[in-house]
Amino acid sequence: MSGLGSGVASAIAVAEALAEAKSRQDVQAAMAIYHPDAVLESPSLGTRYVGAQIESAIEGWFAFAPDYRVRLDGRGWDDGTLCCWGSIVFTPAFTFSGAIPNGERVEVPVFILFGFDDGRVAWESFHFDVAAAARQCGVGVDALVGAS
């Protein structure tokens with residue numbers, strides 16, 4: 001993907017700004033970071049959103065995880081793709097299956113792959129251990145798949 005500008009440092013700044021916006025549950029700030037034709041996918045959840053669909057996906061995630069926080073601890077760069085790793089913390093407000101979460105806060109490792117275009121996120125692939133999250137909140141994995 002092209003148009004990254006000053007390269008790796010710019011990519012890192014964009015990814016960190018997105019993490020900060022999402023940690024504040026600031027949908028509009030997050031959307032300003034995504035390219036209009038961006039793709040947001042979470043293979044862990046089996047979801048994929050394109051362009052304008054991303055806004056409602058993020059709103060749905062924040063309804064599910066109103067105290068969501070993401071921490072980026074490290075990163076690697078290869079041929080235009082930025083990989084960041086760290087952890088996510090959230091307390092599920094509900095599940096899509098109707099299972100009732102135990103009210104416990106979940107913390108699991110995360111890694112996120114990013115591609116860029118015109119200095120914005122054009123592709124995000126968000127990966128976390130859904131089974132570990134489900135165990136921590138006392139529900140089955142199927143209760144969380146679709147939680148985005």
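With hydrophobic clusters built from ILVMFWY side chains whose heavy atoms lie under 4.5 angstrom apart, F126 shares a cluster with W77. Note on V89 and L45: separate hydrophobic clusters, where clusters join Ile, Leu, Val, Met, Phe, Trp and Tyr whose side-chain heavy atoms are under 4.5 Å apart, directly or indirectly. The same ILVMFWY cluster, assembled from side-chain heavy atoms under 4.5 Å apart, contains both L144 and V141. Hydrophobic clustering (ILVMFWY, side-chain heavy atoms < 4.5 Å, transitive): Y49 and V145 are in one cluster.
Separating the CZ atom in F128 from the OG atom in S87 is a distance of 12.5 Å, to the nearest 0.5 Å. Distance check: L113 CG to D78 CG gives 11.0 Å after rounding to the nearest 0.5 Å. Taking CD of E124 as the start and CD1 of I112 as the end, the distance is 5.5 Å to the nearest 0.5 Å. Atom-to-atom distance recorded for T95:OG1 and D142:CG is 10.5 Å, nearest 0.5 angstrom.
Under the 3.5 Å distance criterion, the side-chain polar atoms of N102 are matched with a main-chain donor or acceptor of E104. With hydrogens and angles disregarded, a donor-acceptor distance shorter than 3.5 Å links the side chain of Q53 to the backbone of V50. Side chain of R120 to main chain of A32: a donor-acceptor pair is present (N/O by atom type, distance under 3.5 Å, no hydrogens or angles).
With a 4.5 Å cut-off on side-chain heavy atoms, F111 and C84 do not count as touching. The closest side-chain heavy-atom distance from R48 to L40 is not below 4.5 Å. Side-chain contact between V121 and H35 is absent, with no heavy atoms from C-beta onward closer than 4.5 Å.
Residues passing the salt bridge (charged side-chain N to carboxylate O under 4.0 Å, His left out) test with R69, sequence neighbours excluded: none. When the ring-ring contact (aromatic ring centres under 6.0 Å, His included) test is applied to F90, the partners found at least two apart in sequence or on another chain are W61, F64. Legend: residues meeting salt bridge (charged side-chain N to carboxylate O under 4.0 Å, His left out) with D26, ordered by chain and number and at least two apart, are R24. Applying the side chain to side chain contact (heavy atoms under 4.5 Å, CB included) rule to E55 yields the partners V27, Q28, M31, E59; only residues at least two apart in sequence or on another chain are considered. Residues satisfying the side chain to side chain donor-acceptor pair (under 3.5 Å) criterion with D37, sequence neighbours excluded, are absent altogether.
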Exercise. Report the C-alpha separation of F114 and T81 in whole Å, then their side-chain angles, then the decisive distance to 0.1 Å, and conclude whether the side-chain contact (heavy atoms from CB on, under 4.5 Å) test is met.
Key: CA-CA 6 Å; F114 295 99; T81 299; over 6 Å; no
Exercise. Could you walk me through whether L18 and Y34 pass the side-chain contact (heavy atoms from CB on, under 4.5 Å) test, one step at a time?
Key: CA-CA 8 Å; L18 183 59; Y34 283 107; 3.7 Å; yes
Quiz item: Run the salt bridge (charged side-chain N to carboxylate O under 4.0 Å, His left out) check on E20 and R71 step by step: do they pass?
Solution: CA-CA 9 Å; E20 290 170 13; R71 187 183 75 235; over 6 Å; no
Practice problem: Applying side-chain contact (heavy atoms from CB on, under 4.5 Å), run through V110 and W85 and close with a yes or a no. | Solution: CA-CA 6 Å; V110 64; W85 55 89; over 6 Å; no
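Between the side chains of T91 and D67, at least one donor N or O lies within less than 3.5 Å of an accepting N or O.
Residues in residues 126-138 take part in these side chain to side chain donor-acceptor pair (under 3.5 Å) pairs, two or more places apart or across chains: S125-H127.
Across every non-hydrogen atom of A133 and V108, the tightest pair is N-CG1, 3.7 Å. Minimum heavy-atom separation, K22 to A30: CG-CB, 4.4 Å. Residues P101 and A93 approach most closely at CG-C, 4.4 Å, considering heavy atoms. Shortest non-hydrogen contact noted between S23 and V70 is OG-N, 3.0 Å.
Residue R105 qualifies as enclosed at atom CZ: its count of foreign heavy atoms under 6.0 Å is above 12.
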